[in-house]
Amino acid sequence: MTSAPKSPSPAPEGDRIAKVIARAGICSRREAEKLIEEGRVTVNGKVLKSPALNVTGRETIIVDGKALPAREPARLWRYHKPAGLVTTAKDPEGRTTVFEKLPEDIPRVVSVGRLDINTEGLLLLTNDGELARLLELPSTGWTRRYRVRAWGRITQADLDKLKNGITVEGVRYGPIEAVIDKVQGSNVWLTLGLKEGKNREVKRVLAELGLSVNRLIRLSFGPFQIGDLEPGDIKQVPNRVLMDQLGAHAEQFAPAEVQPSRGPAAGSSGGKWAGGKPVTKKAGDKPSAKPDRTKPGGTKPKLKTFREKKAGTTGKRKAPHADRRRRP
């Protein structure tokens, strides 16, 4: 007699602790896992030793001696990073970081990817580490576009070979779009588009082609452009725009909002809706004095004709002066 197959165990409730820490905007999920391994996270008073833990939000979570802040709606900013700033929370060499230069009214944020210290241009910042992780993935298909000034000579035919990808020192880089904009003395200006954004990818790939990059500016990251931002400027992306660009992922980052009132659902027994719930009429309820003409489907009251106005209400005596006419 064969034994009945075991039913699969139910999925654990809640989310992984590293994901919850990242959603709070403290750091990325990978960095949260490092914090846990270093013993800097406690859950309900106990030091966590492994990130393999699901939490529901009812626990007391402490990171570096501070309570985990409540999760806020996901927000995204465009920041024009000047050259000379490092994209890290803390720099062991004591160099100035991007986060030290942000306005005081900007909450705790993490960067979407990184830019080298001498790289300028668009850097996306968010208060949601999980959103940062999503936007960094090459699977999003978003193109990072750069303006490059490099010393050396090159032809468009050589750049066109990058469309098939290139391997440099054992590292495989994906397809890159590269166009010559102009030649300026011993330098050449290029525009590059790539989807991966690996560490120092532009400089390493162009060095393989005999070019030495001496200025690198990121113009865009997917649909987000540097636009008219001056170095050091920061501007929030409107939430509606962010949700539109996230597409299928928007639901998990959308802020909780009150749903608008709707009409009767298909198959319902009728009645008006208030706050998303049906409201039934009770005996003795007085009809509304005026129909609601601010919503679709509202009807306007029928206007009386000139004679009806003079005659008064139908079925009653005519008004005393209903038939009065002007006489010569």
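By convention here, the first residue in the shown sequence is residue 1.
- The main-chain N or O of G113 is found under 3.5 Å from a side-chain atom of E136 such that the two form a donor-acceptor pair.
- Every pair passing side chain to side chain donor-acceptor pair (under 3.5 Å) that includes a residue from residues 161-171 is listed here, sequence neighbours excluded: T167-R172.
- Side chain of D91 to backbone of R95: a donor-acceptor contact under 3.5 angstrom is found.
- In terms of the side-chain hydrogen bond (donor to acceptor under 3.5 Å, both in side chains) criterion, E93 has no residue partners (sequence neighbours excluded).
- Here the side chain of D15 pairs no donor or acceptor atom with the backbone of V20 at under 3.5 angstrom.
- For the pair K81 (side chain) and L85 (backbone), a donor-acceptor distance under 3.5 Å is present.
- A salt bridge does not link E33 to R30: none of the charged nitrogens lies less than 4.0 Å from a carboxylate oxygen.
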- Verify salt bridge (charged side-chain N to carboxylate O under 4.0 Å, His left out) between D181 and R147, making sure each step is shown before the conclusion. CA-CA 9 Å; D181 293 330; R147 188 91 191 280; 3.1 Å; yes
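- At distances below 3.5 Å, not a single donor-acceptor pair connects side-chain atoms of E177 with backbone N or O atoms of G193.
- When the options D116, N118, L192, T119 are evaluated for a side-chain contact (heavy atoms from CB on, under 4.5 Å) with L216, the one that passes is T119.
- Considering all non-hydrogen atoms of both residues, R145 and T191 come closest at CG-CG2, 4.0 Å.
- At distances below 3.5 Å, at least one donor-acceptor pair connects side-chain atoms of E201 with backbone N or O atoms of K198.
- Between the side chains of R149 and N187, no donor-acceptor pair of N or O atoms lies under 3.5 Å.
- Between the Q156 side chain and the I180 main chain, a donor and an acceptor come within less than 3.5 Å of each other.
- With no hydrogens or angles considered, no side-chain donor-acceptor pair links R75 and N127 at under 3.5 Å.
- By the 4.5 Å heavy-atom criterion applied to side chains, R204 and Y173 are counted as neighbours.
- The backbone N or O of Q225 sits less than 3.5 Å from a side-chain atom of R78, completing a donor-acceptor pair.
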- Item | Working for side-chain contact (heavy atoms from CB on, under 4.5 Å), residues Y79 and L124 | CA-CA 6 Å; Y79 174 64; L124 296 181; over 6 Å; no
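- Within the 4.5 Å cutoff, side-chain heavy atoms of T87 are placed close to those of L123.
- At a threshold of 4.5 Å between non-hydrogen side-chain atoms, the residues R218 and R144 count as touching.
- T97 places a side-chain N or O within 3.5 Å of a backbone atom of E100 that can act as its donor or acceptor partner.
- With hydrogens and angles disregarded, a donor-acceptor distance shorter than 3.5 Å links the side chain of E59 to the backbone of T56.
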